[in-house]
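Here the structure comes first, spelled out in structure tokens, and everything after it is commentary.
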Amino acid sequence: MEKNYEPNKIEPKWQEFWEKQGLYRAQDFSDKPKTYLLVEFPYPSGAGLHVGHCRSYTALDVIARKKRMEGENVLFPMGWDAFGLPTENYAIKTGIHPAIATKQNTETFKRQEMALGLSFDWNREINTTDPAYYKWTQWIFLKLFENGLAYKARIPINWCLACQIGLANEEVVDGKCERCGSEVEKREKEQWLIKITEYAERLIADLELVDFPERVKTQQVNWIGRSEGALVKFPLVSSHNFIEVFTTRIDTIFSGTFLIVAPGSKLIDEYQDQIKNWDEVLKYREAAQKISDIDRANEEKDITGIELKGITAVNPATNEKMPVWIADFVLEQYGTGAVFADGHDKRDFKMGKKYGLPLKTSLVPDDESITDKVKNLEICYEGEGVLFNSGQFNGLTSAESRPKIISWLQENGFAESKINYKLRDWVFSRQHYWGEPTPLVHCQKCGWVGIPEKDLPVELPNVENYKPTETGESPLASIEDWVNTKCPKCKGPAKRETDVMPNWAGSNWYFMRYCDPNNAERFAGPELLKYWMPVDWYNGGMEHTTLHLLYSRFIYKFLWDIGEVPKELGPEPYKKRTSHGMILGEGGIKMSKSKGNVINPDEVIKEWGADTLRVYEMFMGPFDQAIAWDTKGVRGVRRFLDRVYNLTNRKLIDKQSVVNDNLERLLHKTIKKVGEDIENMKFNTAVAALMILVNKMEEKEEIPKEILKKFLLILGPFAPHMAEEIWHILGEKQSIFLSGWPKYDPQFIEDQLVNLVVQINGRVRDSVEIARDVSEGEAQALVLQSAKLKQWIEGKEIKKVVFVPNKLINFVI
RNA sequence: GCCCGGGUGGUGGAAUGGUAUACACGAGAGACUUAAAAUCUCUUGCCAGUAAUGGCUUGUGGGUUCGAGUCCCACCCCGGGCACCA
């Protein structure tokens, strides 16, 4: 009787079978070689699992299954990064407690992941909102605090006047509140910051130790943005003070003719009495606050600025007086929030021309044709060159001049070398509810004091209203009996910190918790960390490159520095990082509820089966690139799996009774290719190779059982339920995943006959079948007899012959 | 705007500097069927030609090379990130 492929019957059956057998339990301290495979744990949103999650998880599931078959002790865990804004906003809207929404969402996610047949070790499931987990998130914050890496500073936040709530940048659209459309203003708030900048140098240098894609390394290096330069003091005429500027172009200091300060800079406030047009300055400052930094730094936009009337600085190199202006293209956060302006910077140049400010140049490029134009300020030259107008430094190149100018200015206290980073310290406070409480109290006598470890976790109390207070404090601030407490040090009255931590706090160390998820004494025990860490392979989205990936490297390094992570593990948490591409909706646009183009994995599984979803997502395109969903492609994959299943309806024979050389050859080539492709995450070509093998098997009246079985072994990681089902149809009793990964026989890999391509002047004119490893002379003799070639070669002189063994021969005539 | 990717048939894509278009989708023709669906077989980059065959083709323009989708330069378009979304 013909058997039919019914995924909805076989998939739950095998999922239960695997779970019962505990096939995916990672064994602590096993003698087998360990492999720690990690996917970014999801934020369990109300929308349910996205097909994009499925792509990343299936990919590492394929790798995990293969590595287990290869005899490795695999740790492949899953958890929930469940604190965050969307759940809180949902609570504000509906009144449903975030903990309840989180519970529902994680249950949905877990059910959906299980339905995909992912081989996670569910015994190690973690949740960042679990007090037993965030106890250690708080503990890590305290360690940062104790080690002087946490400090308070006034930082602007987005504040919606109408909603009375702080907004994430994402919630501000064109300067307006995303929910109510009213104006958003900047408010300064005292917030906790973490000194990630202290680790800037090491975060760059240690990238050499890890196997990350080059684009990820470049993005991180550029994000940290190290630049060598100088701090230069420009004295003010009317006081003993000065304005300090960071520059990487000290070589152009002699052409500095005016200063530009960021409009929000605190430098200005100090001189309020001296600034004659203070009202105007305030107006400009307010306007600048409404423009995003991205727009302010846009090099194409119109330059605006106003003079700080009454303030004049002096260029310490030339002793010439310099007007001082403010302009919004100078950003408060970068360097010192002030620059000196000259004719060698496009924006300075534009500003000078626009407002009739003095402009000078002091270096000329190698290209003499534009020398005069640069000198006459007809064009702006931003490159390096040879100095003029620069006193004793005339004639030096930019690179030669920089150290000399710095030390010359340094003698008089006007300059010093300085390395600056674009990277900023990490704002660690949120005026929200759904996050980890910051474990600090403020005492009148003792200042900020950490909660002792024995009193952790500081549990998140219940509130009735999830909205921040009218003054912009976290909702926790309104719980008086929680806020008012005793100072752990002096037992005097103290107030708790009411801001909670950002979502990153829980996700920057979670990979260590998986090693020892139930430890009540430590964030993870040193022996287990030594056994499982570092993460051997971490896959995630490109969009996390500069935040989560960088933050978690930093936190790991910090814990390693203070000895909480065993020294022998080394300074990097992730050995290897890979990135998946996003899955877009049909037509290449982002999937979103509002566009109604969201693909729900539940429905795909219901209609086609989990194996179809898995294989489709692996086959749809290159794993590291964004790709659009295509339902027709899903159907194609299901057709493929149907054909695989139908192989069991063929006549299956014992191998000994038949010589099936071609099929055997192809099998071994496929084993090799699929194995290598999985390691290189070239899942799409691995699936294509499996399809080619199936097409070949289908051509045969009889299929040797051994060949079918080996095919099932390499299909297994992609379509585990299908492989297990057929494995058992063939009479096996044990799980297919307890069988080893098949080995290929090298003698079947190389063909004895090769196709030699014949080219004339690099154009293909013919091809011939010849024996492998034929010499150039033999090949030439053989090829030149061909009648086809005669028409091209006759009467022409062969100038050169290029021969690539087993590939091609090219005649240049 | 700045930083990082990408651009190949009608579509998703394949291709250690060496036969561009594997595999799949779609489309067309046929078989099976009362019919449709499903399934199976064949065709399918574009142009000319009955065919053999020839010419053209990897976003655009230039360069290196016996040979370029692949390397170099410039430009155009699309995607990701830009620090309180995760």
Side-chain angles (χ1 to χ4, degrees), chain A residues 40-43 45 81 83-86 89 155-158 166-172 191 196 213-223 225 292-301 329 333 422-432 502-504 507 541-548 550-551 579 581-582 584 588 590 616 619-622 624-637 639-640 642-643 646 682 684-685 687-692 695 698 755-767 788 799-802 804 807-813:
Chain A
E40 285 168 347
F41 64 161
Y43 178 77
S45 74
D81 185 18
F83 276 131
L85 207 53
N89 287 340
I155 297 290
I157 62 162
N158 303 308
L167 299 177
N169 287 347
E170 195 192 46
E171 298 173 290
V172 182
Q191 316 219 53
I196 189 173
E214 229 21 75
R215 58 177 171 148
V216 170
K217 290 189 182 183
T218 321
Q219 273 287 62
Q220 290 207 344
V221 168
N222 292 346
W223 178 261
S292 73
D293 282 3
I294 293 172
D295 291 334
R296 280 172 59 175
N298 187 333
E299 287 178 10
E300 298 291 288
K301 91 171 178 34
F329 71 83
Q333 290 116 327
K422 282 205 187 96
L423 181 69
R424 306 204 291 261
D425 277 340
W426 176 11
V427 183
F428 216 70
S429 300
R430 300 289 184 272
Q431 294 71 49
H432 285 294
N503 178 272
W504 315 109
S507 64
M542 249 343 251
E543 70 275 19
H544 295 115
T545 300
T546 53
L547 298 178
H548 164 69
L550 196 67
Y551 290 153
S579 290
M582 288 186 24
L584 305 167
K590 217 172 186 157
Y616 170 66
F619 182 61
M620 65 195 300
D624 60 357
Q625 262 154 61
I627 196 159
W629 188 265
D630 175 20
T631 298
K632 292 195 214 94
V634 181
R635 189 160 51 207
V637 167
R639 270 205 286 257
F640 164 66
D642 278 328
R643 290 192 291 128
N646 281 334
K682 294 172 79 174
N684 53 335
T685 50
V687 174
L690 292 170
M691 288 171 167
I692 292 169
N695 290 347
E698 278 187 324
N755 201 15
L756 189 79
V757 171
V758 186
Q759 296 184 332
I760 308 288
N761 288 342
R763 308 205 51 154
V764 180
R765 294 304 177 192
D766 198 3
S767 73
K788 233 183 197 173
K799 284 193 194 147
K800 191 178 170 186
V801 181
V802 181
V804 183
K807 275 256 163 70
L808 67 78
I809 185 160
N810 184 18
F811 298 95
V812 185
I813 56 174

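Here is the naming used below: chain letters follow the sequence lines, and residue numbers restart at 1 for every chain. For clarity, every value in this text was computed on a predicted model and none was experimentally measured.
The gap from the P atom of G5(B) to that of C71(B) amounts to 12 Å, rounded to the nearest Å. G69(B) and U19(B) have their P atoms separated by 10 Å, given to the nearest Å. Here the separation of G17(B) from G12(B), taken at their P atoms, is 25 Å to the nearest Å. Nucleotides C23(B) and G13(B) are separated by 8 Å at their C1' atoms, to the nearest Å. Across the C1' atoms, A86(B) and G80(B) are found 14 Å apart, a figure rounded to whole Å. Nucleotides U70(B) and U53(B), compared at atom C1', are 30 Å apart to the nearest Å. Nucleotides G9(B) and G1(B), compared at atom P, are 27 Å apart to the nearest Å. On the C1' atoms, G55(B) is 23 Å away from G59(B), given to the nearest whole Å.
At the heavy-atom level, Ile157(A) lies under 4.0 Å from base atoms of the strands shown. Within 4.0 Å of Lys807(A), counting heavy atoms only, lies at least one base atom of the nucleic acid. Residue contacts shown for Phe619(A) include a base, since a base heavy atom lies under 4.0 Å away. If you check every strand for non-hydrogen atoms under 4.0 Å, Ile294(A) touches a base. Residue-level contact check: Pro42(A) touches neither bases nor backbone, having no heavy atom under 4.0 Å from any strand. Using a 4.0 Å heavy-atom distance criterion, Lys422(A) is classed as a base contact. If you check every strand for non-hydrogen atoms under 4.0 Å, Gln759(A) touches a base. When heavy atoms are screened at a 4.0 angstrom cut-off, Leu584(A) is found touching no nucleic acid atom at all. Counting any heavy atom pair closer than 4.0 Å across all strands shown, Glu299(A) reaches sugar-phosphate atoms only and no base atom. Among the protein residues, Asn684(A) comes within range of the sugar-phosphate backbone only, with heavy atoms under 4.0 Å from sugar or phosphate atoms but none that close to a base. Nucleic acid contact class of Val757(A) (heavy atoms, under 4.0 Å, all strands): base. At the heavy-atom level, Ser767(A) lies nowhere under 4.0 Å from the strands shown. Nucleic acid contact for Glu171(A): none, since no nucleic acid atom lies under 4.0 Å from a heavy atom of the residue. Nucleic acid contact class of Arg643(A) (heavy atoms, under 4.0 Å, all strands): sugar-phosphate only.
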For a side-chain contact (heavy atoms from CB on, under 4.5 Å) check, start with the C-alpha distance between Tyr616(A) and Val687(A), then their side-chain angles and the critical distance, and finish with the verdict.
CA-CA 9 Å; Tyr616(A) 170 66; Val687(A) 174; over 6 Å; no
For a side-chain contact (heavy atoms from CB on, under 4.5 Å) check, start with the C-alpha distance between Phe619(A) and Met691(A), then their side-chain angles and the critical distance, and finish with the verdict.
CA-CA 11 Å; Phe619(A) 182 61; Met691(A) 288 171 167; 3.8 Å; yes
Worked check of side-chain contact (heavy atoms from CB on, under 4.5 Å) between Gln759(A) and Leu808(A)
CA-CA 7 Å; Gln759(A) 296 184 332; Leu808(A) 67 78; 4.1 Å; yes
With side-chain contact (heavy atoms from CB on, under 4.5 Å) as the test, would you mind laying out the steps for Gln431(A) and Gln191(A) before giving the verdict?
CA-CA 9 Å; Gln431(A) 294 71 49; Gln191(A) 316 219 53; 3.0 Å; yes
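Nucleotides of RNA chain B that come within less than 4.0 Å of any heavy atom of chain A span, from the 5' end to the 3' end, G1(B) to A86(B).
By the salt bridge (charged side-chain N to carboxylate O under 4.0 Å, His left out) test, Asp295(A) is found to be paired with no residue, residues two or more places apart in sequence or in another chain being considered. Take Trp223(A) and apply the ring-ring contact (aromatic ring centres under 6.0 Å, His included) test, not counting sequence neighbours, and it matches no residue. Here Lys590(A) pairs with nothing under the salt bridge (charged side-chain N to carboxylate O under 4.0 Å, His left out) rule; sequence neighbours left out. For the ring-ring contact (aromatic ring centres under 6.0 Å, His included) test, residues two or more places apart in sequence or in another chain that qualify with Phe41(A) are Tyr510(A).
A stem is defined here as three or more consecutive Watson-Crick or G-U pairs, each with both distances under 3.5 Å; for RNA chain B these stems are B:1-7 with B:76-82, B:10-12 with B:23-25, B:26-31 with B:39-44, B:45-48 with B:53-56, B:59-63 with B:71-75.
For Tyr551(A) and Met691(A), each mapped to the nucleotide of RNA chain B holding its nearest heavy atom, the one lying further toward the 5' end belongs to Met691(A). Residues Lys632(A) and Asp293(A) both approach RNA chain B. Their nearest nucleotides, taken by heavy-atom distance, put Lys632(A) toward the 5′ side.
For Glu40(A) (side chain) and Gly541(A) (main-chain N/O), a donor-acceptor pair under 3.5 Å exists by modelled atom type.
Regarding the sugar-base torsion, G28(B) falls in the anti class, its angle being beyond 90° of 0.
Between Asp624(A) and Arg215(A) there is a side-chain heavy-atom pair separated by less than 4.5 Å.
Residue Ile196(A) comes nearest to Asp425(A) through the heavy atom pair N-OD1, 3.2 Å, listed as atom of the first residue, atom of the second, then distance.
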